[in-house]
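Encoded as structure tokens, the structure appears first; notes follow it.
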Amino acid sequence: MSSHPFVPIARTRVKLAVCAALTLAAAGAGMPVWTVVALALTCAAIPLAVALAGGGPLLRELLFPAPRAGTTSGLAHTPEERERFVT
């Protein structure tokens with residue numbers, strides 16, 4: 001197995017979220033049961049396909065994204081830039 005997925009995992013995560021939202025919207029709007037079931041099965045197939053393609057670590061990355069580094073303060077200055085700002 002390759003350590004690099006064929007499709008970026010962030011893009012797959014967005015597709016999973018959109019599919020889940022469509023499933024909930026279809027159920028809430030009173031769509032036919034077969035439509036809701038088809039959307040739910042598609043939504044369940046996405047993590048299954050990721051697990052088959054990349055194993056457990058890739059599935060964990062899909063379902064539990066790691067927080068981004070450097071986004072806690074809202075300003076992403078390098079140490080050199082911070083030294084210039086301090087006078």
Side-chain angles (χ1 to χ4, degrees):
M1 281 194 273
S2 174
S3 62
H4 300 292
F6 294 116
V7 177
I9 200 71
R11 187 184 310 168
T12 306
R13 191 178 302 119
V14 169
K15 290 178 183 179
L16 178 62
V18 168
C19 190
L22 286 173
T23 302
L24 292 174
M31 297 292 287
V33 174
W34 62 268
T35 303
V36 177
V37 169
L39 284 168
L41 288 175
T42 304
C43 195
I46 293 172
L48 178 65
V50 169
L52 289 174
L58 197 59
L59 180 62
R60 276 190 295 279
E61 188 178 344
L62 172 72
L63 298 176
F64 306 109
R68 292 184 183 178
T71 59
T72 57
S73 69
L75 298 175
H77 296 296
T78 63
E80 293 82 17
E81 290 174 329
R82 272 185 250 134
E83 288 177 12
R84 275 190 290 156
F85 291 132
V86 178
T87 56

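Please read these numbers as outputs of a predicted model, since none were measured by experiment.
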Legend entry - Minimum heavy-atom distance between Glu61 and Arg13, given as atom pair plus value: O-NH2, 2.7 Å
Inset, instruction - Drop me the distance from Thr35's OG1 to Leu22's CG, to the nearest 0.5 angstrom. - result: 11.5 Å
Legend entry - Close side-chain approach of Val50 and Ile9, heavy atoms under 4.5 Å: yes
Inset, instruction - First locate atom OG1 of Thr42, then atom CG of Leu16, and finally report the distance between them rounded to the nearest 0.5 Å. - result: 11.0 Å
Legend entry - Connected hydrophobic set around Val37, excluding itself, where side chains approach under 4.5 Å: Val33, Leu41
Legend entry - Met31 reachable from Trp34 in the ILVMFWY side-chain graph, under 4.5 Å edges: no
Inset, instruction - Drop me the distance from Cys19's SG to Leu24's CG, to the nearest 0.5 angstrom. - result: 10.0 Å
Legend entry - For Ala40 against Thr23, the heavy-atom pair lying closest together: N-OG1, 3.8 Å
Legend entry - Value rounded to 0.5 Å, distance of CD1 in Ile46 from CG in Leu59: 12.0 Å
